[in-house]
Amino acid sequence: MRSLGGVERVGRIVEVEAYLGPHDLASHSSRGLTERTKVMFGPPGHAYVYFVYGMHNCMNVVTQKEGHASAVLLRAVEPVKNVEGGSHGPGRLCRAMCIDRRLNGHDLVSDDFFIAESPDGPVPIVRRPRIGVEYAGRWAKRLLRFYIKENPYVSKK
DNA sequence: TTGGCGATTTTC
DNA sequence: AAAATCGCCAAA
């Protein structure tokens with residue numbers, strides 16, 4: 001859930017990718033602790049939002065305790081409330097949910113920005129290799145992309 | 001200080 | 001298939 005200007009935008013997360021830590025050559029944290037990646041090295045439960053290709057924002061959730069530098073990239077959400085213009089794909093998700101670099105480092109246990117447990121029970125999950133990380137050698141082959149089976153809002157490919 | 005390139009998307 | 005577009009970061 002993202003609240004901005006009195007508008008609450010709600011999406012159901014249907015696709016994610018895991019980035020394990022500095023040993024994971026596909027992860028930004030493999031470059032070590034830099035100005036850009038410092039949030040990843042920080043405490044869990046915070047948003048790591050970065051800007052790529054000169055035009056897109058991507059959002060991650062820091063997942064492991066301080067120093068581990070692992071995170072989960074949110075790749076697609078199913079629109080639930082006030083989500084318009086397409087929300088499949090990391091960049092489009094951020095655009096639709098009004099998430100940008102100003103939220104980098106933001107606590108995800110906040111009134112205006114948080115993730116809650118789904119009211120759904122267990123759902124079937126598909127595992128695939130991550131997208132757009134061909135440079136990472138063998139790490140590109142790891143099955144670290146997860147999405148809800150047959151959900152129409154999962155990104156293509 | 002500089003140049004190559006990117007966890008993407010859109011258009012030709 | 002290739003452009004759009006700019007901040008990050010390694011190298012000089």
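Nothing here was measured: the structure is a model prediction, and the numbers come from that model. Only this structure's heavy atoms are used, side chains among them; waters, hydrogens and symmetry mates stay out. Throughout, a chain's letter reflects where its sequence line sits, starting with A, and its residues are numbered from 1.
Using a 4.0 Å heavy-atom cutoff across all strands shown, R130(A) reaches no nucleic acid atom at all. Base contact: M40(A) has a heavy atom under 4.0 Å from a base atom. R95(A) comes within contact range of the sugar-phosphate backbone alone, with a heavy-atom separation under 4.0 Å but no base atom that close.
The residue from Y19(A), Y48(A), Y50(A) that alone fulfils the side-chain hydrogen bond (donor to acceptor under 3.5 Å, both in side chains) condition with H28(A) is Y48(A).
For the pair E17(A) and R75(A), the salt-bridge criterion is met [side-chain N within less than 4.0 Å of a carboxylate O].
Straight-line distance from the CG atom of L73(A) to the C1' atom of dT8(B): 11 Å, rounded to whole Å. R92(A) has its CZ atom 10 Å from the C1' atom of dT8(B), to the nearest Å. Counting to the nearest Å, the P atom of dT8(B) and the CD atom of E15(A) are 10 Å from each other. Straight-line distance from the CE atom of M55(A) to the C1' atom of dT11(B): 11 Å, rounded to whole Å. The NE2-P distance, from H88(A) to dT10(B), rounds to 8 Å in whole Å. One can place CZ of R31(A) at 9 Å from P of dA7(B), the figure rounded to the nearest angstrom. If you measure from atom OH of Y135(A) to atom C1' of dT8(B), you get 12 Å, rounded to the nearest angstrom. Taking atom CZ on R145(A) and atom C1' on dT8(B), their separation rounds to 13 Å, with Å as the unit.
With a 3.5 Å ceiling on both atom-pair distances, dA7(B) lacks any Watson-Crick or G-U wobble partner.
Among dT9(B), dA7(B), dA10(C), the nucleotide with an atom closest to any side-chain atom of N60(A) is dA7(B). Side-chain proximity of R36(A) to dA10(C), dC8(C), dT9(B): nearest is dC8(C). Out of dA7(B), dG7(C), dC9(C), the shortest distance to the side chain of R101(A) is found at dG7(C). The side chain of H56(A) lies closest to dT8(B), out of dG7(C), dT10(B), dT8(B).
Distance noted for atom P between dT2(B) and dT5(C): 23 Å (whole Å).
No side-chain heavy atom of V49(A) sits less than 4.5 Å from a side-chain heavy atom of C58(A).
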Checklist entry - How far apart are the C-alpha atoms of V109(A) and F114(A), what are their side-chain angles, what is the distance that settles it, and do they pass the side-chain contact (heavy atoms from CB on, under 4.5 Å) test? => result CA-CA 5 Å; V109(A) 184; F114(A) 63 84; 5.9 Å; no
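Remark: R127(A) fails to qualify as a cation-pi partner of F146(A) under the 6.0 Å distance and 45° angle criteria applied to the six-membered ring.
Using a 5.5 Å limit on the distance between ring centres and a 30° limit on the angle between planes, the aromatic ring of Y53(A) does not count as stacked on the six-membered base ring of dA4(C).
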